[in-house]
Amino acid sequence: ITLKWHPLRQTCRSMNLSRRKRAAACLLVINLLEEDEFGERWWKRGRTREWIKRRDERRMLKLVEELRAEDTAAYKEMLRMNCETFEEILTAIGPEITKHQVVGGHRVISPAARLILTLRFLATGETFRSLHFQFRMGKSTISYIVREVCRAIYSVLGARYMSTPTSCPEWLQIAEDFERMWQFPNSIGAIDGKHVVICPPSGSGSFYYNYKGTHSVVLMAVAGPNYECLYADVGTNGRVSDGGIWNKTLLLKKLEECSIGVPEDKPLPFGKEPVPHVLVGDDAFALRPFVMKPYPQRNLSLEERVYNYR
C-alpha cells in the first residue's frame, strides 16, 4: 500500500483537493486496485437480499404437484403442456441442467424448478423483473437459467422434434394427414412468419422496426397437420417482409432444386389431372408450383370462397 500511496497522493495534490478528499480518493482507488493472493483482481460479490434467501423451492413444486393431481386444465394452462410431456422433457434434459451443491455455497436450484421457470417465461413472455418476484430469484440468475435450459432443450430434443422431412414417404404421410384432418389434399405444410418482439440493439436505428410498430426478429416456420414444426428459420430483422425472408430460406432453394424428396404430382380426389404437392401460405407469399395462396378477397365465386376457407 505504501508504494501505491505516494504517486496517488501526488496526483491528488496536483488536483488541488482538500486533505480529507485526497485521503478518501486514495483509499477508493487502492481498494479498486487491490489484488488477492493469486494475483487476480478481487471483486466483492453483492449481498443477496434476505427475501430471496427465503425462497422455498418445495412450495413451487408442491403447487405443480397439486395442479397435476387435482386440476389438469390449470396445470396445462400454467406450463402449456400436460404432465407426461413435462416429465419427458425433464428426463431428457435433466443431466444437462443439474448442478452440484457446493459446501457452504448457495442452495442449488433443482432441474424441475429450472424447467418450470423457463416454461413460464416461454409461455407468458413475462419480463425477468416480473419472474424475479414470482420465483424469488435474481434477474441475472433467471437470465442464465432460461438460456441454459433453452440451449439444453434444443441440443437434446431438437434433432428429434424439429427435423425437416427429406424422403418421399415422409412427405406422403404429411399429405395424407392434411387431407384427413383438414380436407386439403396434396398439402405438405402450412407456412407463415411470426414477429418476435425484442429490445433493439443500441445504434440499430430502424433495422428491426416492423410494420406493426415494434422492433422484432422473424420466425419463419412450416407447420404440419398436427401443429408440429417441420422447418424453421429465425433471426431475420423484422423490417423484412415474410415473402422476402421466404425467398432467402434454404428450404425454398431445396424445393426449387427438387432435392428434398417431395412426391411426384398426384391427381386430386375425383380428379384425373396430376397436380403438385404444395405448401399453403397467405397473401405475403408469391405463387409458385409448390406454394399456394388464397384468392384475393374480392368478387369471389362459391368455389373460390370454399378454397379460401380450407
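Bear in mind the structure is a predicted one, so any value in this text is a computation, not a measurement.
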Shortest non-hydrogen separation from [X] to [Y] and the atoms involved:
| X | Y | answer |
| --- | --- | --- |
| L252 | N247 | CD2-CA, 3.4 Å |
| W246 | I191 | CE3-CD1, 3.1 Å |
| V218 | G193 | CG1-CA, 4.4 Å |
| A92 | V156 | O-CG1, 3.7 Å |
| P276 | P289 | CG-O, 3.2 Å |

### Query
Is the closest basic N to carboxylate O distance between K99 and E148 below 4.0 Å?
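Salt bridge present between K99 and E148.
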### Message
So that I can tick it off, tell me whether R114 and E96 are bridged by a salt bridge, with the cut-off set at under 4.0 angstrom between side-chain N and carboxylate O.
### Response
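Not counted as a salt bridge, because no side-chain N and carboxylate O are separated by less than 4.0 Å.
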Using distance alone, with no hydrogens and no angle criterion, decide if [X] and [Y] have a side-chain donor and acceptor under 3.5 Å apart.
| X | Y | result |
| --- | --- | --- |
| Q173 | D177 | yes |
| S216 | N210 | yes |
| E88 | T85 | no |

### Message
Is it the case that atom NZ in K293 sees more than 12 heavy atoms from other parts of the structure closer than 6.0 Å?
### Response
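Enclosed.
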### Message
Does E257 have more than 12 heavy atoms from other residues, nucleotides or ligands lying within 6.0 Å of its CD?
### Response
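Yes, CD of E257 has more than 12 neighbouring heavy atoms, counting only those of other groups under 6.0 Å.
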### Query
Rounded to the nearest 0.5 Å, how far does NZ of K139 lie from CG of L131?
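The distance works out to 11.5 Å.
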### Query
Under the side chain to side chain donor-acceptor pair (under 3.5 Å) criterion, do S130 and Q134 qualify, and how do the steps go?
CA-CA 7 Å; S130 175; Q134 294 180 37; 3.1 Å; yes
### Message
Are Y211 and H195, when compared by the centres of their aromatic rings, separated by less than 6.0 Å?
### Response
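Judged by ring-centre distance (under 6.0 Å), Y211 and H195 do meet the cut-off.
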### Task
May I have the step-by-step check of side chain to side chain contact (heavy atoms under 4.5 Å, CB included) for V217 and T236, ending in yes or no?
CA-CA 5 Å; V217 294; T236 303; over 6 Å; no
